[in-house]
Chemist: 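The structure that follows is given in the form of structure tokens.
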Amino acid sequence: MMDATSAVLHPYWPRDLLIPTYVANDRSMSEILAFLFSVSGVFLLVTWLITGRKGTTGRLGTWRRLAVCWFAVCGFIHGVIEGWFSLYYDIIPGDQSFLSQLWKEYSKGDSRYVIADNFTVCMETVTAWFWGPFSFWAVYAFLTNRPYRFVLQLIISLGQLYGAVLYFFTEHRDGYAHSELGHPVYFWFYFVFLNTLWIVIPFALIVDAWRQLSAAQTHTDNTKSQKSKRK
């Protein structure tokens with residue numbers, strides 16, 4: 001029978017966490033982060049170039065182009081990275097596929113991912129299969145000037161904000177037990193900074209969608225009012 005010391009064969013918190021199938025990564029942190037940020041950067045750059053083509057510039061200003069880039073990156077992260085977790089969460093600790101290693105690296109900032117925590121699995125599954133496809137749909141909607149584009153923006157951003165708030169709040173209620181509290185990379189960068197993006201940016205997009213939809217409704221109401229006066 002293993003004692004408590006010999007049972008800890010992983011880098012996760014709390015230190016007495018039992019992960020019997022865990023296999024250490026053979027990819028370095030730099031390799032994993034380089035992949036994540038380079039692919040995200042490609043999505044951002046390609047989308048930025050597409051939104052700047054002749055024929056779209058008149059419709060999309062700098063702020064709107066950045067918002068569309070955000071949705072393109074979200075489509076990749078939600079659909080591919082979080083989609084992988086939603087499908088393979090039960091084998092990730094012992095799997096050496098690149099995306100599994102990415103999740104094992106991220107789990108140093110939140111070990112709920114490497115133990116298939118119920119909330120995390122449910123939240124990421126919804127995120128992957130709803131907000132991933134919806135994000136790509138939003139990119140299409142803005143590029144083709146669809147009338148429902150701001151409805152999509154509002155729905156996606158509300159879902160992202162709600163998920164991020166629950167993500168932080170559930171860990172707060174657990175006393176931040178699943179990370180090395182205060183660690184500059186694992187806690188502040190992985191857990192706090194990366195996830196705060198899905199609070200700040202969706203909140204700004206919710207406000208933007210609110211204004212756009214309110215302006216459209218005001219215009220509709222004024223048009224109806226003018227027509228009724230003419231009768």
Chemist: I'd like to check F130 versus T125 (side-chain heavy atoms, cut-off strictly below 4.5 Å). Are they in contact?
Modeler: no
Chemist: Does the side chain of F85 come within less than 4.5 Å of T120's, by heavy atoms?
Modeler: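 They are in contact (side-chain heavy atoms under 4.5 Å apart), so the answer is yes.
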Chemist: State whether the side chain of S86 and the backbone N or O of G83 hold a donor-acceptor pair below 3.5 Å, judged by distance alone.
Modeler: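 The answer is yes, because a donor-acceptor pair under 3.5 Å joins these two groups.
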Chemist: I would like to know whether M29 and I32 meet side-chain contact (heavy atoms from CB on, under 4.5 Å); could you show each step before the answer?
Modeler: CA-CA 5 Å; M29 177 176 69; I32 292 169; 5.9 Å; no
Chemist: CD1/I201 to OG1/T196 distance, rounded to the nearest 0.5 angstrom?
Modeler: 10.5 Å
Chemist: Using modelled atom types only, decide if a donor and an acceptor are shared between the side chain of R149 and the backbone of F142 within a distance under 3.5 Å.
Modeler: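 Absent.
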Chemist: Scan I50, L49, L44 and name whichever one has a side-chain contact (heavy atoms from CB on, under 4.5 Å) with V46.
Modeler: I50
Chemist: If you define the side chain from C-beta out and look only at heavy atoms, does anything of I77 sit under 4.5 Å from W198?
Modeler: yes
Chemist: Check whether any side-chain heavy atom of L205 sits under 4.5 Å from a side-chain heavy atom of W70, and report yes or no.
Modeler: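 Yes, close enough: below the 4.5 Å cut-off.
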Chemist: For D208 and Q153, does a side-chain donor sit closer than 3.5 Å to a side-chain acceptor?
Modeler: yes
Chemist: Check whether any side-chain heavy atom of W13 sits under 4.5 Å from a side-chain heavy atom of S179, and report yes or no.
Modeler: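 With C-beta onward as the side chain, the pair stays apart.
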Chemist: If you round to the nearest 0.5 Å, how far is OG of S107 from CG of L17?
Modeler: 10.0 Å
Chemist: With no hydrogens and no angle check, just 3.5 Å: does a side-chain donor-acceptor pair link E124 and Y89?
Modeler: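 Result is no, nothing qualifies.
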Chemist: Check whether K108 reaches the backbone of V185 with its side chain - one donor and one acceptor, N or O, closer than 3.5 Å.
Modeler: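 No.
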Chemist: Would you say the side chain of L166 lies within less than 4.5 Å of the side chain of F119, judging by non-hydrogen atoms?
Modeler: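 Counting from C-beta outward, F119 and L166 do come under 4.5 Å.
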Chemist: Any side-chain heavy atom of F187 within less than 4.5 Å of one from E180?
Modeler: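 No, too far: nothing below the 4.5 Å cut-off.
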Chemist: Any chance you could measure R65, atom CZ, to T47, atom OG1, to the nearest 0.5 Å?
Modeler: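 OG1 of T47 is found 10.5 Å from CZ of R65.
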Chemist: Say whether, by atom type as modelled, one donor and one acceptor occur between the side chain of Q96 and the main chain of A24 under 3.5 angstrom.
Modeler: yes
Chemist: Check for a donor-acceptor pair, side chain of S97 on one end and backbone N or O of S100 on the other, with a separation under 3.5 Å.
Modeler: no
Chemist: Less than 6.0 Å separating the ring centroids of F168 and F191?
Modeler: yes
Chemist: Please find out if less than 6.0 Å separates the ring center of Y186 from that of Y12.
Modeler: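 Aromatic pair excluded; centres sit 6.0 Å or further apart.
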Chemist: Mind running ring-ring contact (aromatic ring centres under 6.0 Å, His included) on F71 and Y140 for me, showing each step along the way?
Modeler: CA-CA 10 Å; F71 285 122; Y140 166 79; over 10 Å; no
Chemist: Mind checking whether W103 and V114 have side chains closer than 4.5 Å, heavy atoms only?
Modeler: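 Of all side-chain heavy-atom pairs linking V114 with W103, none is under 4.5 Å.
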Chemist: Treating S157 as the side-chain partner and L154 as the backbone partner, does any N or O pair qualify as donor plus acceptor under 3.5 Å?
Modeler: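 It does not hold such a pair.
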Chemist: Do I155 and Y148 belong to the same hydrophobic cluster, where Ile, Leu, Val, Met, Phe, Trp and Tyr are linked whenever their side-chain heavy atoms lie under 4.5 Å apart, directly or via other members?
Modeler: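 Yes, it is one cluster - the side chains of I155 and Y148 are joined through contacts under 4.5 Å.
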Chemist: Tell me if the aromatic rings of F134 and W137 count as close, with their centers under 6.0 Å from one another.
Modeler: yes
